[in-house]
Amino acid sequence: MPYRLLRFALSKKYPEPRMFREPARLKDSYEVVIIGGGGHGLGAAYYLAKDYGITDIAVIEKGYIGGGNTGRNTAIVRSNYLTVEGVKFYDESVRLFEGLSQDLDLNLFYSQRGHFTLAHADSTLRTMRWRAEVNKHLGVNSYVITPEEIHKICPYIDLNCGGGAAIVGALYHPPGSVVRHDAVAWGYAKGADKRGVEIHQKTAVTGIEVKDQRVVGVQTDKGFIKTKRVLSAVAGYTPRITKMVGLRTPLVIQPLQACVTEPLKPWLDHIVVSANLHLYVSQSSRGELVMGASLDPYELHSERSTLDFVEGLADHLLDLFPFLSDIKVNRQWAGMSDMTPDYSPIMGTTPVEGFYLDAGWGTWGFKATPVCGTTMAYTVAKNKNHELIEAFNLDRFKNFSLVGEKGAASVGH
Amino acid sequence: MKLLRCPINGLRPLSEFIFGGEVRDMPDATACNDAQWADYVFNRQGEPGVRKEWWYHTASGTWFIAERDNLKDEFVRTYLYSRAASPAEAKP
């Protein structure tokens, strides 16, 4: 190595910049403990520090940050939901995402692509018209288009689906985007760390101490922490955490699988989703096709991936894009989805004072990352549910006031 | 390929089966209060463990009970509901 390079490596004046520090040990107490160092937990930490001046926070992560579902989703952002509560909430998230690279001073490769949800039957088209009307009413750019218009925008789709159920229309959502998902976690970690938040990786929560229905502390494998406020943002691990505080929830865990192909020249500008074919696909900036399917068919606490999944997905992919038959799958993986019966999240305060939930993120969590950060930060700081998440409280399952979003889930209905 | 033992048809590929959820006792709808009913309708045991579950063999139309470890993805045993000595035995 030339000396003029080596002296940079050896000099203390030019340290390798890190996104965040790794504190040596946990303190005895924190104002707020956040369980889960994914986008949601780190986002909440970031906005608590930035907007409410609360910086005495520990983010406790069992693995490494962004190693859970934040890094396992297909990185799609959209707001063409079905209920008024859902559309308002996810649209605020899209708005935050659009300015997030600037806010975090980190290029998140936020890329607006346009999002198709293909319909292969009249009944699907009916739900899409419904969604389009709700969307338009709330100012979200979303409308139903004909097969001819689909062909004009994305000529590569075989509208006849290889002789299967032909495409009869699509819900088109121009603001639909993809974003580099792990960078979202790193950006929030960096911003939170800069403001004094401590991020503790490889630290597992083993218990939560509750006295008289109030949180008093968190037990970890690296010692006990005294705290009055705990936010759980652990997606597929939520039932294990809620059991520690004695809360019953409707959550069940099912794996959701995804894969990427070898890189191709850029040809697919849009995000294409088909509920009937259980498929969503987009092309990453590296040229890989990023694809996902519906949930695995039974409950399981595992991040294993299966041959059944790739076979089914490849079969359906060829219905839409027959010319991809010689493309190889590079990697496949799974994440643990915490499913709710109404396909809406569970957020906010709980019957346990000081215990806040950001859960029920099933297959729709990544796109909500920034808005979960802002609304959960508000909720934890003020001990009062933010108006955007009031409808998503755990008590809706006591009051039979569900928020039915199944019709807007990308696939699996 | 993953296999599951149907109590009637023996070992069959998992793709022939449908998961029917955990075996749970329904409270008496006329006697319980709204909170108990809501708890039955919505709430589940979400944390990992060995559970008694309903499974359906589609090819032969057989509903049966499987005990399964949902952390290891392993079936412990399967049997027909009628073979469980009482509904209480089918409880987790």
Side-chain angles (χ1 to χ4, degrees), chain A residues 232 234-255 295-309 311-312 315 334 336-344 346 351 357 359-362 393-404, chain B residues 1-6 12-27 29 32-59 62-78 91-92:
Chain A
S232 167
V234 295
Y237 291 88
T238 305
R240 305 183 202 194
I241 298 290
T242 48
K243 196 173 168 70
M244 292 174 189
V245 293
L247 279 181
R248 298 230 333 133
T249 74
L251 295 173
V252 292
I253 309 302
Q254 278 173 269
L295 286 169
D296 277 18
Y298 56 93
E299 288 173 32
L300 184 63
H301 296 259
S302 167
E303 287 170 343
R304 61 100 180 89
S305 192
T306 62
L307 180 63
D308 285 354
F309 155 75
E311 273 182 355
D315 183 21
M336 282 161 31
S337 303
D338 43 339
M339 300 300 295
T340 54
D342 58 358
Y343 283 58
S344 284
I346 300 174
L357 263 181
W361 283 112
N393 199 271
L394 178 63
D395 65 13
R396 74 177 184 275
F397 300 105
K398 218 181 256 169
N399 311 328
F400 295 87
S401 50
L402 273 58
V403 186
Chain B
M1 191 191 310
K2 213 170 165 54
L3 301 173
L4 173 54
R5 186 177 299 281
C6 169
R12 306 293 306 167
L14 193 63
S15 56
E16 288 185 10
F17 295 88
I18 290 173
F19 172 64
E22 198 180 337
V23 177
R24 302 180 305 133
D25 271 353
M26 188 173 79
C32 73
N33 61 31
D34 285 356
Q36 287 165 326
W37 187 249
D39 182 66
Y40 167 70
V41 171
F42 296 119
N43 290 339
R44 298 289 182 272
Q45 283 196 84
E47 71 281 3
V50 177
R51 295 284 140 72
K52 292 195 168 102
E53 298 168 335
W54 286 111
W55 283 79
Y56 179 65
H57 182 234
T58 46
T62 312
W63 278 107
F64 62 94
I65 293 171
E67 290 177 17
R68 184 173 66 95
D69 185 328
N70 66 19
L71 188 64
K72 296 182 187 156
D73 199 12
E74 281 172 6
F75 289 94
V76 181
R77 60 191 188 119
T78 59
K91 260 201 311 200

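Because the structure is a prediction, the values reported are computed rather than measured.
- Proximity to chain B (any heavy atom under 4.5 Å) is shown, for Ile241(A), by neither the backbone nor the side chain.
- Heavy-atom pairs under 4.5 Å with chain A peak, among Ala38(B), Pro48(B), Gly46(B), at Pro48(B).
- Interface residue Pro297(A): only backbone heavy atoms are found under 4.5 Å from chain B.
- Aromatic ring pairs are classed by plane angle as parallel below 30°, tilted from 30° to 60° and perpendicular above 60°; the pair Trp63(B) and Trp54(B) is perpendicular.
- Contacts of Leu14(B) with chain A are made by side-chain atoms alone, with heavy-atom separations under 4.5 Å and no backbone atom involved.
- Proximity of the aromatic rings of Phe19(B) and Tyr56(B) is defined here by a centroid distance below 6.0 angstrom, and this criterion is not met.
- For chain A, the option among Val41(B), Asn43(B), Asp73(B) with the highest count of heavy-atom pairs below 4.5 Å is Asn43(B).
- Using a 4.0 Å cut-off between a side-chain N of Lys or Arg and a carboxylate O of Asp or Glu, Glu67(B) and Arg77(B) qualify as a salt bridge.
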**Q.** Step-by-step side chain to side chain contact (heavy atoms under 4.5 Å, CB included) determination, Asp39(B) to Arg248(A)
**A.** CA-CA 8 Å; Asp39(B) 182 66; Arg248(A) 298 230 333 133; 3.0 Å; yes

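- Contact annotation for Leu300(A): both backbone and side-chain heavy atoms come within less than 4.5 Å of a heavy atom of chain B.
- A donor-acceptor distance shorter than 3.5 angstrom exists from the side chain of Asp338(A) to the backbone of Gly360(A), with no hydrogens or angles considered.
- Residues Tyr298(A) and Trp55(B) place their aromatic rings such that the two centres sit under 6.0 Å apart.
- Comparing Ser302(A), Pro239(A), Pro341(A), Pro250(A) by how many heavy-atom pairs each has under 4.5 Å with chain B, the most go to Pro250(A).
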